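Since the model is a prediction, treat every value here as computed from it, not as a measurement.
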Amino acid sequence: QVQLVESGGGLVQAGGSLRLSCAASGRTFSTYALGWFRQAPGKEREFVVAISRTGGTPYYADSVKGRFTISRDNANNRVYLQMNSLKSEDTAVYYCAASTRFDLSAAAPMYDWWGQGTQVTVSS
């Protein structure tokens with residue numbers, strides 16, 4: 001079993017920044033690929049970014065590329081999402097997820113464990 005807990009969400013104005021953090025349990029954190037997803041009210045869960053077990057070149061959704069940056073700290077069992085130049089359309093609950101699969105994936109069913117989510121609200 002793996003538990004994931006997100007934090008760092010909040011209310012910011014358009015153009016501002018937030019840094020999300022996801023803390024994971026377990027001793028095998030470095031064996032998991034990790035991803036961030038988001039879900040706005042009335043919409044399906046949307047892929048944001050994924051990162052490999054070693055923290056190599058991430059895979060970003062076009063909607064966030066150039067604005068968001070994912071990183072991981074295997075020594076401390078954490079993954080981060082730095083969000084810059086935030087837009088109102090970034091408003092959503094953000095979830096981190098872990099996968100035991102080798103390849104990076106943008107598909108939610110490919111992930112095995114999920115956090116509870118943290119709310120990000122971007123005002124105009």
Side-chain angles (χ1 to χ4, degrees):
Q1 293 293 115
V2 174
Q3 294 188 37
L4 304 169
V5 180
E6 303 94 335
S7 62
L11 174 65
V12 298
Q13 290 189 326
S17 298
L18 281 175
R19 188 193 189 207
L20 305 184
S21 177
C22 177
S25 66
R27 301 182 182 90
T28 57
F29 180 79
S30 63
T31 69
Y32 306 131
L34 298 165
W36 286 95
F37 289 75
R38 64 188 183 186
Q39 188 166 23
K43 297 184 178 180
E44 293 186 354
R45 192 161 296 185
E46 175 189 18
F47 171 76
V48 177
V49 61
I51 191 168
S52 72
R53 300 176 181 183
T54 60
T57 304
Y59 171 38
Y60 292 92
D62 288 343
S63 60
V64 305
K65 193 171 185 178
R67 299 188 299 119
F68 291 10
T69 303
I70 191 173
S71 61
R72 66 186 296 165
D73 181 356
N74 287 345
N76 292 294
N77 285 11
R78 287 185 178 271
V79 60
Y80 303 94
L81 183 65
Q82 179 66 46
M83 306 185 295
N84 299 326
S85 301
L86 284 163
K87 306 173 181 179
S88 60
E89 53 262 45
D90 295 318
T91 295
V93 176
Y94 283 70
Y95 300 88
C96 65
S99 174
T100 59
R101 294 173 172 81
F102 178 78
D103 293 330
L104 298 182
S105 179
M110 297 298 102
Y111 291 81
D112 301 289
W113 299 282
W114 295 81
Q116 84 291 342
T118 186
Q119 177 71 48
V120 172
T121 303
V122 184
S123 65
S124 301

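Here the side chain of Gln116 pairs a donor or acceptor atom with the backbone of Glu6 at under 3.5 angstrom. Between the side chain of Thr91 and the backbone N or O of Val122 there is at least one donor-acceptor pair closer than 3.5 Å. Not a single donor-acceptor pair under 3.5 Å links the side chain of Arg72 to the backbone N or O of Val79. In this structure, the side chain of Thr69 does not engage the main chain of Gln82 through any donor-acceptor pair within 3.5 Å.
One distance of note links CG of Leu20 with CH2 of Trp36; it measures 5.0 Å at 0.5 Å rounding. Between atom CE of residue Met83 and atom CZ of residue Arg19 there is a gap of 11.5 Å, rounded to the nearest 0.5 Å.
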Evaluation steps, side-chain contact (heavy atoms from CB on, under 4.5 Å), between Glu46 and Ser63: CA-CA 10 Å; Glu46 175 189 18; Ser63 60; 3.8 Å; yes
side-chain contact (heavy atoms from CB on, under 4.5 Å) between Cys96 and Leu34, worked out: CA-CA 7 Å; Cys96 65; Leu34 298 165; over 6 Å; no
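A pairwise comparison of heavy atoms in Ser99 and Asp112 identifies CA-OD2, 3.5 Å as the closest pair. Nearest heavy atoms, Gly9 versus Thr118: N-OG1, 3.2 Å. Nearest approach of Ser105 to Ala107, heavy atoms of both residues: OG-N, 3.0 Å. Here the closest non-hydrogen pair linking Pro58 and Tyr60 is CB-CE1, 3.7 Å.
In this structure, Val48 and Phe68 have side chains that are in contact, with non-hydrogen atoms separated by less than 4.5 Å. Contact of the Trp113 side chain with the Thr100 side chain is registered, since non-hydrogen atoms from C-beta on lie closer than 4.5 Å.
With sequence neighbours excluded, the residues forming a side chain to side chain contact (heavy atoms under 4.5 Å, CB included) with Ser30 are Asn74, listed by chain and number. Applying the side-chain hydrogen bond (donor to acceptor under 3.5 Å, both in side chains) rule to Ser21 yields the partners Arg78; only residues at least two apart in sequence or on another chain are considered. Every residue two or more places apart in sequence or in another chain that forms a side-chain hydrogen bond (donor to acceptor under 3.5 Å, both in side chains) with Asp90 is listed here: Arg38, Arg67. For Ser71, the side chain to side chain contact (heavy atoms under 4.5 Å, CB included) partners two or more places apart in sequence, or in a different chain, are Tyr80. For Ser17, the side-chain hydrogen bond (donor to acceptor under 3.5 Å, both in side chains) partners at least two apart in sequence or on another chain are Asn84.
Residue Gln13 qualifies as open at atom CD: its count of foreign heavy atoms under 6.0 Å is 12 or below.
In this structure, Met110 shares a hydrophobic cluster with Phe37, Phe47, Tyr59, Val93, Tyr95, Leu104, Tyr111, Trp114, the cluster being traced through Ile, Leu, Val, Met, Phe, Trp and Tyr side chains under 4.5 angstrom apart.
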